[in-house]
Amino acid sequence: MEKYSLLSLFRHAGRHHEDWPRAWRDPAPKADYDTVIVGGGGHGLATAYYLASKHGVTDVAVVEKGYLGGGNTGRNTTIVRSNYLRDEAAHLYDFSLTLWEGLSQELNFNVMFSPRGVMSLGHTLQEMRDIERRVNANRLNGIDGEILTTAQVQKRVPLLNCSPKSRYPVMGASWQPRGGIARHDAVAWGFARAADAHGVDILQQTEVTGIRQRNGAVTGVETSRGFIGARRVACVTAGNSGVLARMAGLRLPIESRPLQALVSEPLKPCLDTVVMSNAVHCYISQADKGDLVIGAGADGYNGYGQRGSFRIIEHTLSAVCELFPAFSRVRMNRQWGGIVDICPDACPVIGKTPVEGLYFNCGWGTGGFKATPGSGYVFADTLANERPHPLAEPFALDRFASGALIDEHGAAGVAH
Amino acid sequence: MAAQPRRLAEGGRIDRSHVVDFSFDNRALQGYAGDTLASALLANGVDIVARSFKYGRPRGIVGHGPEEPNAILHLGHGPASIPNLRATEVELFDGLEARSTRSGLQRLFGPFGRFLPAGFYYKTFMQPPRLWMTWERLLRRAAGFGEAPDGRDPDTYDKMNHHCDVLVVGAGPAGLAAALEAARSGARTLIVDEGHEFGGSLLAETRTVAGGSGADWVENTVAELSSCPEVTLLPRATVSGYYDHNFLTILERRTDHLGPMNDGGSRQRLHRVRARQAVLATGAIERPLVFANNDLPGVMLASSVAAYVNRYAVAPGDRLVLFTTNDGAYRTAMDWQGVGREVVAVVDARQHPDGAQVQAAMEAGIDVIPGHGVIEASGRGRVSGAIIAPMDDGGDALTGPSRQLECDLIAVSGGWSPTLHLGSQTGVRPRWSDAAGAFLPGDLGERAVCAGAVTGRRTLRECIEEGASAGALAASRTGFGDGDTTLATPDTEESPESSPQALYLVPHRKPVSRAPKQFVDLQTDVTASDIELAAREGYTSVEHVKRYTALGFGTDQGKLGNVNGVAILAQALGQDIAATGTTMFRPAYTPMTFGAAAGRDTGEMFDAERHTPMHAWHEAQGAMWEDVGRWKRPYYYPRSGETMQQAVNRECLAVHDGVAIFDASTLGKIDIQGPDSAVFLDRVYTTGFRRLGVRRCRYGLMLHENGYIFDDGVTARMAENRYLMHTTTGNAEAVYAWLEFWRQTEWPSLDVYLTSVTDHWATAAVVGPKSRDVLRKVCTDIDFDGEAFRFMDVREGHVAGIPARVFRISFSGELSFEVNVPANHGRELWDALIEAGTEFDITPYGTEAMHVLRADKGFIIVGQDTDGSVTPADVGMEWAVRRNKAYGFLGDRSLTLADHLREDRFQLVGLATADPRTVLPEGAQLVEEPGQRPPVAMEGHVTSSYFSARLDRSIALAMVKRGSKRGGQILYAPLANGRIVSATIVSPVFYDPEGVRQNV
Amino acid sequence: MLLIRCPYCQEMRSEEEFSNAGEAHIVRPPDPAALSDAEWGDYLHFRKNPRGLHREIWVHTAGCRRYFNVLRDTVSYEILEVYPAGVSESDAPGKTTP
């Protein structure tokens, strides 16, 4: 893998950028692999990278039906944070955040992780109680967090409507300085390039059409490019998990729904942090390009259409105008939808299935992007050792039988 | 400089009698009514309107409509300013102030352009890691166009809903013909166009239509449409989105062309349309040609040059070189010559152009140079020449030496790209047509018809004919007309055309990577070499190329660059364009104002407030408010000089020692009737209701199927088969929906009926030892004697002469009567009770005192002490759960799940702080040992915490691991501010554990 | 933005008047106590979630407030059938993909 640096950029500029190598190969599929990872999004590629780099498992293919990062990886609002309430989720997401902090260097690919802080506004007494509870829990779990007064909120976000006369006045906020945003596509590409350098085969335009089993154990996947044998098959196909599960004869505790997002036209810097509000239903940040990146809600019904209902956009934009009256004259450039797999407790499912050798990593709901490196790391460890990574253990499928749900609706909420 | 140096002496659809003063970058300029900002800038000879995104290169106006990539300007200043408007879409008004949005920082980058290929930032700025945030600040400052306005938007926006049979999008020749057919059939028709005048391309048309000018034909057609009662014409309106089930959004700009208004009317209106049929007559946008330095000011679309000349009487230059791949663009050269300007040459990529228009141009003395391309534009800040060279048949390679033509304007035409965005928004992929040399709309099924240039039609006659049949077809699908057209196709001056040539990248003497920059997407500064680089590095999907290079990511969404970009990628990959495909277009077609999408739903209309009938009284008393769901509830009633704590203490003591009054109208109320009411209640509550006596009340706990507490409240049996259920304030709607769900879908055989009556009743709780005395004064037909009216009884009678239900229930532990009267008598009741209570110093109290009083008693609040993961056993309420029932109740089975039987679950306890004056923050976490380093195991958290006036000390409720077995143990709350508070685990019932006080 | 025909009101009304209540035809086990934790968990949480034809429950929240069933394609969002609550899956109109 050629190292990217300012120096290499200068060197290639001298050669008119004519001999930059491919970021990853485009190999023909082999007949079989030790491990086939289904899904070439951030989580799948991260799984492949850590499998190869940390566990020496390099006989790996990542099988992607479209193009890398074409699902939720490239459709989300890129918020990264770890201020979750429950210990299990907090530890997992904070481990992920720690990986984010060195990810550009680890991958030698600038994923533009920008720890500009994440603010969650509180508008009611109950929200302030929840903020107090969550921030205190975070601090005891070693996760940075502060509680801001309305005045402190206003100082950090001058354009925010902090008037006590507003419909839901801002009473305060939680604040995680280490949180921020990142460049979503770059995460997929960076992991792909680094995984490829370790020998992982990345197979785009290869759609899995079946999961082959013998005697209760997985033997490989049928694809649009023929059968690919595998000792282990790991499905990391957000927005399509139910479809893959069905191929293996399984059902999941998941419903798939369109989640919408939108961006404004590019503006000069006017918002330096991420602002989220559950009560007013809005989350917003400003991308490096200048667009306001705004997360809208999920539709109230199942759908795989990667587009959603306009009323959600109307509701979201009225929330934006309520929180940021100055943005009323700003214009929406583009809106789109991604398909999120939602679990009953707003937490993911990571681990084994009743089919031997078949693993799932899914159900990240509206907040999977922030977990990308951590998810890949613990899933790779789970695959390599054929037992759950300690951080992944509470997220096993059997919690839906035992009742040991990890309710994160509060922290997951609307806002990611 | 002379005023409007590039304005033609005559012609154009402008009003020369109305001079309009405006400014650009603080330069005072003049234009005419009828101008766009772009045409006025061109008339004034303004060449440079922007600096480019990445390289800081000078940029001029390229187009004349929504495709314009460069002239993105900021209008006005202060709260009424508007960022990022396209000058081509801004109608000129008096006093308009425009400024360019990119001027400074990019120029610094310009000289380093070579080091800034596509995706350079992915490869750099990684070491040292901490410096990234510094780089990022610099990048952020360089990016972005205009500034967000500062302050609240002075304008308002509104919305209008439409249901129409046929929605016609676009009022060019095809759209007008379609609308006319639909209108004549009697269908309810809505025709929409983004321009302020209908007519589209006909407004810049110099040939005759039906014997008159194009504008005449438009005028006649519009006149007929206007006379049809079922037709609505909507100019200055852009269809921005096409959603499922034929829902479309239209943004109408109502006052923007008049400048800042603030007169109370709406600035913009969002039309929400359900169309039974849509006719998409959205036209096409001319495709530019990609050659070296093609971003110089003075390189414009051929159709735009014609539009400026014909419609605005502006000649954006003196000496024209037209570079084309097709016959149609020759008209620009003819028009140019027609207004007395010089046509230096027509450079035609085709080897043997021989259409009628080509002949006509040659006959007019225009120098036509076939088989050539403009391979490079020269000039500094403005085109001063076109370097041309002969090309081979396919336009792939140069076949001879180049030479320079002196000129100041290069008009380009690489063919046309249909405006197929709306169809694509519905998820239907466009398909490539080699014959049309363009992407065409995919199959939209039976819901919509495309007509005109959007389907690849090139001649006026074809567009009008196709429009007419589309209109007739759409109307007939909605039951109007038989699908046959009635419109006689007007005579148009058409001439046979020779076939166009596909040319997506003009070859240069040097390879793409070494040639001067050949821009594909001007707004995002994407060059042909960027696309080749992306392909070289393996970013081969068209979506990857878009995301890696930013092709099509601008505010124009790639209206000009998309097809050339796809074609260059296809060539780099050695595959055809069809296989390469295109990216999907998303709403909005052109950017849509946030405020318009929000409409009136901001400020006080953001979310409806619910007020009880007594609201005005509370307000007059100076109550502070708590938001609970949508309700505004009195939080406490401060008297002058009181702190909140003092007010709450006073209110609590009034409850304990005298009499107080509380507005409980917000509690959810559901009337349950029918013979199976009791069976129904038994299934939805953990408690049993079958044996509850008439006129008696019982507390009920409601679970979700997962066994977690969902709601609680008191239900009264009003009659044999009639119950009144109370829910928590915040959950009223959810509980009602939940009950109806089960009743209707799972137990339809139960004979039971539910009615939400929350708003039907107003409730005043009269509480305290003297409450009986107050009520006796205003109610004579209910016996308030302790034996006659027991705790948990309900009575009906008259209070203050109003028919009332009185519940003897208590959420404070004190003697308490909740008086319910029909809501419209609520204030009357309240006033009567206040008056009757005056001699007892009756004290109104708010939700905070209510919370303190109930916490004294260890009563939980669902949603505060529980959080959706708490079972009845967790809060010590197994007494409210009956076991061993045949069918059971909702959630029953979950109570015995393995996890719910765990010993170490979090359980409700009381906490007494070591210092009785210290009130723990609600949400504080509890640990066994203070001062440990994270991660620290948490033993629980505080859910409720108050200063209790009666006990004169702080009290708290908490959920603590194995809490019910840890009485007496000390836990510590390390707070975010560094303080550590210690507290002992005690019973959650702090006051009157025997419950004797309410039995007075 | 779906347009849904309420089978009771017999009118095509906009999605905004309705709420979705999840997968249809999930029958509550008649004797929950007889189920294992896993079987109960399956009833509680596991769903078909098909990509394609899907039977689901809707309620006309801002209309007649009655629940009904819809057969809808979760990719095209086309609504193929609408029928009242209480119709069993075997009697339901339309076909789903197996």
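Just so we're on the same page: letters track the sequence lines, and every chain starts at 1. Only this structure's heavy atoms are used, side chains among them; waters, hydrogens and symmetry mates stay out.
In this structure, the portion of B:Leu270 lying under 4.5 Å from any heavy atom of chain A is its side chain and not its backbone. Contacts between B:Ser945 and chain A at a heavy-atom distance below 4.5 Å are absent for every atom of the residue. Heavy atoms of B:Ser894 lying under 4.5 Å from chain A are absent altogether. Looking at B:Tyr589, neither its backbone nor its side chain comes within 4.5 Å of chain A, counting heavy atoms on both sides. Of the two parts of B:Ser541, only the side chain, counted from C-beta on, holds a non-hydrogen atom closer than 4.5 Å to a non-hydrogen atom of chain A. Looking at B:Arg902, there are no atoms closer than 4.5 Å to chain A (heavy atoms on both sides), in backbone or side chain. Proximity to chain A involves both the backbone and the side chain of B:Asp607, based on heavy atoms less than 4.5 angstrom apart. Residue B:Asp867 touches chain A through both its backbone and its side chain, counting heavy-atom pairs closer than 4.5 Å. In this structure, chain A has no heavy atom under 4.5 Å from any part of B:Arg933. Heavy atoms of A:Val320 lying under 4.5 Å from chain B belong exclusively to its side chain. Looking at B:Val512, neither its backbone nor its side chain comes within 4.5 Å of chain A, counting heavy atoms on both sides. Both the backbone and the side chain of B:Glu609 come within contact range of chain A, judged by heavy atoms closer than 4.5 Å. For B:Ala608, the part lying near chain A is the backbone, with the side chain staying farther off; criterion is any non-hydrogen pair under 4.5 Å. The contact between B:Met133 and chain A is made entirely by side chain atoms (from C-beta outward), counting heavy-atom distances below 4.5 Å. In this structure, chain B has a heavy atom under 4.5 Å from the side chain of A:Arg307, while its backbone stays farther away. When heavy atoms are compared at a cutoff of 4.5 Å, B:Ser240 does not approach chain A at all. For A:Ala401, the part sitting under 4.5 Å from any heavy atom of chain B is the backbone (N, CA, C, O) and nothing else.
With rounding to the nearest 0.5 angstrom, the CD atom of B:Gln925 is 12.0 Å from the CZ atom of A:Arg139. A distance of 7.0 Å separates NE2 of A:His17 from CG of B:Leu533, quoted to the nearest 0.5 Å. Summarising the geometry, atom OG1 belonging to B:Thr590 is positioned 10.0 Å from atom CE belonging to A:Met332; distances are rounded to the nearest 0.5 Å. Atom CZ of B:Arg137 and atom CG of A:Asp288 lie 11.5 Å apart (nearest 0.5 Å). A distance of 13.5 Å separates CD of B:Glu922 from CD1 of A:Ile131, quoted to the nearest 0.5 Å. With rounding to the nearest 0.5 Å, the separation of CH2 in B:Trp132 from OG in A:Ser104 is 8.0 Å.
Using the six-membered ring where Trp is involved, B:Tyr122 and A:Phe109 have ring planes that are parallel, under 30° apart on the 30 and 60° scheme. In this pair, B:Phe606 and A:His315 present their aromatic rings parallel. The plane angle is below 30°, not in the 30 to 60° band.
A side-chain donor-acceptor contact under 3.5 Å links B:Arg114 to the backbone of A:Ala13. Of the possible polar contacts, one joining the A:Lys268 side chain to the B:Gly144 backbone as a donor-acceptor pair under 3.5 Å is found. For B:Glu537 (side chain) and A:Trp20 (main-chain N/O), no donor-acceptor pair under 3.5 Å exists by modelled atom type. A donor-acceptor contact shorter than 3.5 Å links the side chain of B:Arg547 to the backbone of A:Gly74. A:Asn333 contributes no side-chain N or O that, together with a main-chain N or O of B:Pro591, makes up a donor-acceptor pair within less than 3.5 Å. Remark: side-chain polar atoms of A:Arg329 are paired, donor with acceptor, to backbone N or O of B:Ala80 under 3.5 angstrom.
Comparing B:Pro511, B:Ala898, B:Ser513 by how many heavy-atom pairs each has under 4.5 Å with chain A, the most go to B:Ser513. Ranked by heavy-atom pairs shorter than 4.5 Å toward chain B, the options A:Asp130, A:Asp87, A:Asn141 are led by A:Asn141. Note: B:Glu543 leads B:Lys632, B:Glu604, B:Glu543 in heavy-atom pairs under 4.5 Å with chain A. When the candidates A:Leu7, A:Asp291, A:Leu6 are compared by the number of heavy-atom contacts under 4.5 Å with chain B, A:Leu6 comes out ahead. In terms of heavy-atom pairs under 4.5 Å with chain B, the best-connected choice from A:Gly142, A:Ala137, A:Gly66 is A:Ala137. Contact tally against chain B (heavy-atom pairs below 4.5 Å) for A:Gln204, A:Arg183, A:Arg167, A:Arg22: the top residue is A:Arg167. Among the candidates B:Gly599, B:Ser529, B:Ala550, B:Gly603, the residue making the largest number of heavy-atom pairs closer than 4.5 Å to chain A is B:Gly603. Contact count versus chain A (heavy atoms, under 4.5 Å) is highest, among B:Tyr635, B:Trp135, B:Phe585, B:Tyr708, for B:Tyr635. Comparing B:Leu901, B:Thr943, B:Thr249 by how many heavy-atom pairs each has under 4.5 Å with chain A, the most go to B:Thr249. Across A:Lys289, A:Met112, A:His91, A:Gln126, the residue that shares the most heavy-atom pairs under 4.5 angstrom with chain B is A:Met112. In terms of heavy-atom pairs under 4.5 Å with chain A, the best-connected choice from B:Gln268, B:Lys159, B:Met584, B:Glu532 is B:Lys159. With respect to chain B, the highest number of heavy-atom pairs below 4.5 Å among A:Pro115, A:Ser166, A:Gly308, A:Ala192 belongs to A:Pro115.
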Evaluate the side chain to side chain contact (heavy atoms under 4.5 Å, CB included) criterion for residues A:Leu140 and B:Gln932: first the C-alpha distance (whole Å), next the side-chain angles of each, then the deciding distance (0.1 Å), finally the verdict. CA-CA 9 Å; A:Leu140 289 167; B:Gln932 303 172 82; over 6 Å; no

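A:Cys321 places none of its side-chain heavy atoms less than 4.5 Å from the side chain of B:Arg152. Side-chain contact between A:Asn136 and B:Pro921 is absent, with no heavy atoms from C-beta onward closer than 4.5 Å. In this structure, A:Tyr4 and B:Phe120 have side chains that are not in contact, with every pair of non-hydrogen atoms separated by 4.5 Å or more. Residues A:Glu132 and B:Val942 form no side-chain contact, since every pair of their non-hydrogen atoms from C-beta on lies 4.5 Å or further apart. Put simply, the side chain of B:Tyr539 does not reach to within 4.5 Å of the side chain of A:Tyr67, judged on heavy atoms. A heavy-atom distance below 4.5 Å is found between the side chains of B:Phe594 and A:Ile294. Side-chain contact between B:Phe115 and A:His12: absent, with no pair of heavy atoms (C-beta onward) separated by less than 4.5 Å. Using a 4.5 Å heavy-atom cutoff, the side chains of A:Asn108 and B:Met126 are in contact.
Between A:Glu314 and B:Arg272, at least one side-chain N (NZ, or NE/NH1/NH2) sits under 4.0 Å from a carboxylate O, which counts as a salt bridge. Ion pairing between a basic and an acidic side chain is recognised when a charged N comes within 4.0 Å of a carboxylate O; A:Glu18 and B:Arg514 show such pairing. For A:Arg116 and B:Glu136, the salt-bridge test passes: some basic side-chain N is under 4.0 Å from an acidic carboxylate O.
Take A:Phe327 and apply the ring-ring contact (aromatic ring centres under 6.0 Å, His included) test, not counting sequence neighbours, and it matches A:Phe324.
In summary, the side chains of B:Asp601 and A:Ser318 do not present any donor paired with an acceptor at a separation below 3.5 Å, with no hydrogens or angles considered. Side-chain contact check for B:Arg140 and A:Gln286: at least one donor-acceptor pair (N or O, by modelled atom type) lies under 3.5 Å.
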